[in-house]
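Take a look at the structure set out below.
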Protein chains: 2
Amino acid sequence: MITLKTKQRIVAKAIKKQKESAGSHSPSILALANQFPNVKIKVDACFLSNPYASKLFFKCLQQDFKKQNKFQDLIQYYPSQNAIIAQLVAKHLDISPQNIFLGNGAIEVIQAVIHNFVRKKIIVNIPTFSSYYEFAKEHIKVVYHQLDKQNNFTLDIEKYLKFVKQERPDTVVIINPNNPDGSYLKFQDMAYLIKQLKDVDNVIVDESFIHFAREKDERIKSTLKLINEFDNLIVIKSMSKDFGIAGIRAGYGVMSTAKVNHLLKNGYLWNLSGLAEYFFRTYIQDDFQKMYEKARVKYIDITQTFNNKLSKIDGLNVYPSQGNFVLVELTEGSTAFDCFNKLLLKHGIYTRNCSDKIGLEGEFLRIASRTKKENKKIIKSVKDLLSA
Amino acid sequence: MITLKTKQRIVAKAIKKQKESAGSHSPSILALANQFPNVKIKVDACFLSNPYASKLFFKCLQQDFKKQNKFQDLIQYYPSQNAIIAQLVAKHLDISPQNIFLGNGAIEVIQAVIHNFVRKKIIVNIPTFSSYYEFAKEHIKVVYHQLDKQNNFTLDIEKYLKFVKQERPDTVVIINPNNPDGSYLKFQDMAYLIKQLKDVDNVIVDESFIHFAREKDERIKSTLKLINEFDNLIVIKSMSKDFGIAGIRAGYGVMSTAKVNHLLKNGYLWNLSGLAEYFFRTYIQDDFQKMYEKARVKYIDITQTFNNKLSKIDGLNVYPSQGNFVLVELTEGSTAFDCFNKLLLKHGIYTRNCSDKIGLEGEFLRIASRTKKENKKIIKSVKDLLSA
């Protein structure tokens, strides 16, 4: 059993208070460091990003910004308008530019879609990323569909379709791989599911973690090209996770031309910053893609090793994940609160305490995979904690 | 009379086409340079920013970013949430944090306000910044109130109040100083006007250029503190103009707590980037403010000298401006199209051809004030053009 010392408990309570004031999202380690300078964070295993891709992008940026005035120009001048950058990214994704809407982070795309296209009723699978229900306006009915813990939180397609048929929502949301558990539906299953949902007005598929999933080979199994077949499909993609660039705010949504036009008709003029435009212009370069692909596959390997090692630790139930994180359940009687704080205050490891996630019964932490070295430290600390 | 050579006319037509594809806004000089590498721009007098403040901010940033990992952290990690940064900025502005909404550029604030609070009818003074009518949703009636050229486009308060009483809109917009003409209402007049408009649900005052206006002394005459008296007031502020940071996307709106809460209730979670957060954190520092104030006053002096010199050139009618730009009317029979292109193609000076501005009858260019040296070049070129 993990127990906190009196001193640790006092700090733990103060941290909890800060977390609560940040809403359903964890404070960044910068915010944490500001308020608790004595808490030394060694590994940020709350933050979901590929550190190798992050390093690669920053290296490219530093190289580029050596050119005189490059950075100053990006700061000084207006960035290109949404539709201009969309043309470049669409070409890279091999879809029509009329099907892409670029966002100031995926969160802006989520907000735009939920505010503009959901009419009356939305089905959200839980546990989930909270913005999908928090952003729903007052007159919208949010219906929760509980993912089955016994089924490792994997969506049971036939049961789900029956539920949808019963509830008759205008919008459904499927996050694949799902956050916070990492459960994953293969491309063939997703394609079948989307086909069966043809009578739902908006089928939102959030693929923010799809770059970390692996089927038979390394290819990314996005459903975004199904937009050519299914007009009701909306694929949402964050770039913060793959590339570790949460501070830049870059994401996109793939959706019908009518929906893109609806959004761009009266808004979203310069919603990408100069740095976000620079990111997308770098991202679509063949040279960068080649280097990125290596960083991606390397990180998947490291992440799968990490998951395997974690799952062998006694006192933990580790749910199978195809994200770059794992949901772990404490099975030896400790609370998530105590475990989260002990990991932070004793070992300097910042994880995500999932106690506030609706649809999660039990004591859960979400732990992100980081670099090989950091993952080793996480494993060692968790072992140390649970064997104490 | 300004006339284009055949070769110039061909390029001019191609540039016009690019402009048209960019909607109501001019392409940035970067976009122009991309498409027309042969057009050498020496002075960007289309872009409305204080180049001295821009230089100052970039210098501070370069100094700061020498610190190890500072820039990388801003790129990598999530920025603070809207309400956290609002607290800092509100303290600097000496208003309540509950009255401030930070935007991904002022344009996001304009979009949020127009989409969320305008119910049926909005009055917009013309000529104006086009987004105020372009962002209005389909069911909104936009009523134009023509500013009188004979009155130098200055709002005639009593006539305007009569017009508002007649039309009974739920929303009015006043840009002060106005864009594109720079006409200005003094603080006392604005305070009177806002008081008289107490029955209008939303009184939007866009003060994006107020840092360039001068009354008896140098103090900035913002109406933002009137928020404590008038619940219907919405003051919108771009930071791109004062600080030359259009690429960062930073602005804010001051409005009632109910309105701020309405916006933050289901959206705008991380709408500022790491760099925008960095800008605001720099902006509120006393040291920075002191240096900025010098750059601001210096630039106002330079701008007023520029306006005076321009107004003495024959063939031009220069409207009095308290913005960092002047609206000039060609009075010797040339078209704005020919003058704009000749200035660009012969002299490398990029201005704003106002032919697409509704509410402007005649041949108008808007010319921005730049550095002292650049302004000299503009004056020389305009003289050269009109005496040819």
Side-chain angles (χ1 to χ4, degrees), chain A residues 21-23 25-31 44 47 49 51 54-55 57-58 61-62 65 71-81 83-84 104-105 107-108 110-112 114-115 131 134-138 240 244-249 265-277 279, chain B residues 21-23 25-31 44 47 49 51 54-55 57-58 61-62 65 71-81 83-84 104-105 107-108 110-112 114-115 131 134-138 240 244-249 265-277 279:
Chain A
S21 75
H25 305 278
S26 297
S28 71
I29 59 164
L30 296 181
D44 185 358
F47 181 51
S49 80
S54 183
K55 205 173 152 185
F57 172 68
F58 195 70
L61 175 149
Q62 275 185 311
F65 284 12
F71 187 27
Q72 194 166 5
D73 283 354
L74 286 182
I75 284 183
Q76 196 173 180
Y77 295 116
Y78 277 86
S80 300
Q81 290 182 25
I84 309 259
N104 181 39
I107 199 78
E108 184 178 56
I110 295 173
Q111 180 179 333
I114 299 288
H115 285 189
S131 296
E134 286 175 347
F135 283 7
K137 295 207 168 186
E138 259 169 31
S240 302
I245 52 149
I248 291 184
R249 318 305 304 127
K265 196 183 166 189
N266 41 34
Y268 303 103
L269 203 52
W270 296 290
N271 63 334
L272 291 202
S273 69
L275 210 49
E277 177 172 0
F279 166 76
Chain B
S21 75
H25 305 277
S26 297
S28 71
I29 59 165
L30 296 182
D44 184 358
F47 180 51
S49 81
S54 182
K55 206 173 153 187
F57 172 67
F58 194 70
L61 175 148
Q62 276 186 310
F65 284 11
F71 187 27
Q72 195 167 3
D73 283 354
L74 285 182
I75 284 184
Q76 197 173 179
Y77 295 115
Y78 276 86
S80 301
Q81 291 182 24
I84 308 257
N104 182 40
I107 198 80
E108 184 178 55
I110 296 174
Q111 180 179 333
I114 300 287
H115 285 190
S131 296
E134 286 175 347
F135 282 6
K137 295 206 167 187
E138 259 170 31
S240 302
I245 52 148
I248 291 184
R249 318 304 304 126
K265 197 183 164 189
N266 41 33
Y268 303 103
L269 203 52
W270 296 290
N271 63 333
L272 291 202
S273 68
L275 210 49
E277 177 172 2
F279 165 75

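Labels below follow one simple rule: chain letters A, B, ... track the order of the sequence lines, proteins then strands, and each chain is numbered from 1. Side chains are part of it too, since the values below use all heavy atoms of this structure and drop only hydrogens, waters and symmetry mates.
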Minimum side-chain heavy-atom gap A/Ser131-B/Leu269 below 4.5 Å: yes
Tell me whether the count of non-hydrogen atoms from other residues, nucleotides or ligands lying under 6.0 Å of NZ in B/Lys265 goes above 12. no
For [X], is it the side chain, the backbone, both or neither that has a heavy atom under 4.5 Å from a heavy atom of chain A?
X        : answer
B/Ile29  : side chain
B/Ile110 : neither
B/Ile75  : both

For chain A, find which of [options] contributes the most heavy-atom pairs closer than 4.5 angstrom.
options                                : result
B/Gly274, B/Ala276, B/Gly105, B/Gly267 : B/Gly267
B/Lys55, B/Gln72, B/Gln81              : B/Gln72
B/Ser273, B/Ser49, B/Ala112            : B/Ser273

If you look at every heavy atom in [X] and [Y], which pair is closest and at what distance?
X        : Y        : value
A/Asn104 : B/Asn271 : ND2-O, 3.0 Å
B/Asn266 : A/Gln111 : O-CG, 4.2 Å
A/Ile107 : B/Trp270 : CD1-CZ3, 4.1 Å
A/Arg249 : B/Pro79  : CD-CG, 3.9 Å

Quick check on the 6.0 Å ring-centre criterion: do B/Phe71 and A/Phe71 meet it?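 For B/Phe71 and A/Phe71, the ring centres are under 6.0 Å apart.
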Interface moiety of A/Ala83 toward chain B, non-hydrogen atoms closer than 4.5 Å: neither
Measure A/Ile114 against the heavy atoms of chain B and call it side chain, backbone, both or neither at under 4.5 Å.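 Neither part.
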From OG (B/Ser54) to OH (A/Tyr77), nearest 0.5 Å: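 It comes to 8.0 Å.
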Side chain to side chain contact (heavy atoms under 4.5 Å, CB included) between A/Tyr78 and B/Ser240: does it pass, once the steps are laid out? CA-CA 9 Å; A/Tyr78 277 86; B/Ser240 302; 4.0 Å; yes
Greatest number of heavy atom pairs closer than 4.5 Å to chain B - which of A/His115, A/Glu108, A/Gln62: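 Winner by heavy-atom pair count: A/His115.
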